[in-house]
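In what follows, a single structure is set out as structure tokens and then discussed.
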Amino acid sequence: NTAISPEGVSNATKIIPDNGTTNFRIRTSTALNSSGDNFDSVFAKYIEGEFQYIVLASTNTQQRYVFDVKNGTKIGSIGSTSIADENTIIESYGNGWYRLGIKTNQSGNGKFEIYFSDDGTDITATGDGSKGMYVWGAQVEQGATYPTSYIPTYNASATRAADTSLKGGFVSSGITTSSNFTFYIEIKGLGQSGNPQVYLEDTSGNRILSLNLIGQKNRYGFYSPDASSYVSPSSNEADGIVKIAVTYDGTDFKEYFNGEEQGSITASVAVNVDEINFAKFLSNSIAVYQAVLIPTALSVNDCEALTAL
């Protein structure tokens with residue numbers, strides 16, 4: 001353990017290829033990836049003057065993709081079976097750390113592999129016994145087509161329990177929002193069809209706000225049972241990650257989408273938000289990066305800044 005990981009603990013490892021190594025790799029000791037779709041990821045951090053490029057790979061068939069950890073960018077696929085850019089991620093976690101990931105499609109059981117690269121064009125990495133890269137949190141998700149949150153495991157597999165469809169108990173925790181609040185969410189629709197939704201509900205499970213996502217076109221709108229109108233998603237279309245905020249100031253709901261105000265509806269809400277319900281996400285490939293309930297209505301400037309890409 002040689003560095004502080006994104007977990008805030010000194011449990012990251014510096015991986016150092018041996019002196020004279022030219023084809024260095026880390027791989028799972030057994031074939032973990034099952035046939036079909038899988039998502040493999042790892043956190044990495046560049047060390048000044050040392051290895052800049054990392055290659056994530058999977059066997060059966062050979063699939064490899066290069067990332068530039070120094071600059072936080074994607075380089076591209078170099079394996080015999082191509083990985084499309086949209087099937088990869090590189091996300092900043094602060095302090096130089098990035099989460100990197102690839103979606104692969106296996107023809108049979110395979111292994112997750114990590115290589116370093118001298119120049120980002122292949123898997124040749126010339127070791128000197130000193131230079132390397134910090135890594136932490138490798139994860140293999142069988143049957144997945146998109147990344148979910150990292151779950152630490154210790155010499156055993158784990159069944160996902162960190163991501164639940166309901167987050168509640170705000171009122172019992174002393175958080176009251178009947179007069180005003182802001183709901184912020186950062187998501188990626190991933191081009192799925194259907195109409196997934198996220199609800200803000202009161203202590204009886206009654207809906208206060210419904211944020212509607214037309215995932216096939218990545219369009220977003222909202223409505224409230226306490227209002228007489230609906231903010232249509234027809235003009236809010238975007239690809240990739242989107243940031244949305246909805247405020248309530250005691251009189252009006254307002255929606256902000258990727259840095260711009262989109263519309264408002266007048267409503268009278270006399271109850272507190274007690275839970276955020278993601279149940280309608282479960283059958284759709286929607287990646288949620290952040291979801292935050294703030295017990296005050298942020299200003300227009302704050303919301304535009306909060307949702308700016």
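Only a predicted model underlies this, so the values are computations on that prediction, with no experimental measurement involved.
- Nearest heavy atoms, Tyr199 versus Glu201: CD1-OE2, 3.7 Å.
- Counting only distance, with no hydrogens or angles, the side chain of Lys45 and the backbone of Asn95 share a donor-acceptor pair below 3.5 Å.
- Here the side chain of Ser5 pairs a donor or acceptor atom with the backbone of Glu7 at under 3.5 angstrom.
- Contact check for Phe170 versus Asn272: no side-chain heavy atoms found under the 4.5 Å cut-off.
- Two residues are said to be in side-chain contact when any heavy atoms from C-beta on lie closer than 4.5 Å; Leu56 and Phe112 meet this criterion.
- Panel note: side chain Asn87, backbone Lys103; no donor-acceptor pair is recorded below 3.5 Å.
- The side-chain heavy atoms of Thr182 and Val246, taken from C-beta on, include no pair separated by under 4.5 Å.
- Across all their heavy atoms, Ser80 and Gln62 have their closest contact at N-OE1, 2.9 Å.
- Across every non-hydrogen atom of Ile90 and Thr73, the tightest pair is CD1-N, 3.6 Å.
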Show your reasoning for whether side-chain contact (heavy atoms from CB on, under 4.5 Å) applies to Trp136 and Thr13.
CA-CA 6 Å; Trp136 176 81; Thr13 300; over 6 Å; no
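- Note: the hydrophobic cluster containing Tyr115 does not contain Val140 (ILVMFWY, side chain heavy atoms under 4.5 Å, direct or indirect links).
- Atom CD of Glu91 sits about 6.5 Å away from atom CZ of Arg99, to the nearest 0.5 Å.
- Judged by distance alone, the side chain of Ser117 and the main-chain N or O of Asp122 form a donor-acceptor pair under 3.5 Å.
- Between Val273 and Thr177, the shortest heavy-atom contact is N-OG1, 2.8 Å.
- Residue Glu260 places its CD atom among 12 or fewer non-hydrogen atoms of other residues, nucleotides or ligands, all under 6.0 Å distant.
- For the pair Tyr184 and Leu298, the minimum side-chain heavy-atom distance is 4.5 Å or more.
- Side-chain contact between Ile187 and Val242 is present, with at least one heavy-atom pair separated by less than 4.5 Å.
- Between Tyr65 and Lys74 there is a side-chain heavy-atom pair separated by less than 4.5 Å.
- A distance of 9.0 Å separates CE in Met133 from CD in Glu50, rounded to the nearest 0.5 Å.
- Asn301 and Ser299 are not linked by any side-chain donor-acceptor pair at a separation below 3.5 angstrom, with hydrogens and angles left out of the test.
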side-chain contact (heavy atoms from CB on, under 4.5 Å) between Gln106 and Gln63, intermediate numbers included:
CA-CA 9 Å; Gln106 300 283 132; Gln63 299 164 82; 3.6 Å; yes
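- Residue Asn71 comes nearest to Asp68 through the heavy atom pair ND2-OD2, 2.9 Å, listed as atom of the first residue, atom of the second, then distance.
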Can you list the steps and then say if Glu255 with Leu211 is a side-chain contact (heavy atoms from CB on, under 4.5 Å)?
CA-CA 10 Å; Glu255 182 193 40; Leu211 183 64; 4.1 Å; yes
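- Rounding to the nearest 0.5 Å gives a distance of 7.0 Å between CG of Leu200 and CD1 of Ile208.
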Step by step, would you call Phe43 with Tyr93 a ring pair (Phe, Tyr, Trp, His ring centres under 6.0 Å)?
CA-CA 9 Å; Phe43 293 81; Tyr93 275 70; 5.0 Å; yes
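- The distance from atom CG of Asp274 to atom OG1 of Thr176, rounded to the nearest 0.5 Å, is 11.5 Å.
- Using cut-offs of 30° and 60° on the angle between ring planes, the pair Tyr248 and Phe181 is tilted.
- Asn38 places none of its side-chain heavy atoms less than 4.5 Å from the side chain of Ser58.
- Contact annotation: the side chain of Gln262 never approaches that of Ile244 to less than 4.5 Å [non-hydrogen atoms, C-beta and beyond].
- Tyr98 and Tyr46 fall within a single hydrophobic cluster, where Ile, Leu, Val, Met, Phe, Trp and Tyr are joined by side-chain heavy atoms under 4.5 Å apart, directly or via other members.
- Separating the CD atom in Gln139 from the OG atom in Ser41 is a distance of 5.0 Å, to the nearest 0.5 Å.
- The OH atom of Tyr256 sits 11.0 Å away from the CG atom of Leu306 when rounded to the nearest 0.5 Å.
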Could you walk me through whether Asp128 and Asn19 pass the side-chain contact (heavy atoms from CB on, under 4.5 Å) test, one step at a time?
CA-CA 4 Å; Asp128 62 6; Asn19 186 29; 4.2 Å; yes
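- A cation-pi contact links Lys131 to Phe51, judged by a cut-off of 6.0 Å to the six-membered ring centre and 45° from its axis.
- Between the side chains of Asp252 and Thr266, at least one donor N or O sits under 3.5 Å from an acceptor N or O.
- Glu113 and Thr59 share no donor-acceptor pair across their side chains, judged by distance under 3.5 Å alone.
- Remark: the Asn105 side chain and the Asp37 side chain contain an N/O donor-acceptor pair separated by less than 3.5 Å.
- Contact detail for Ala308 and Lys243: the closest heavy-atom pair is O-NZ, 3.3 Å.
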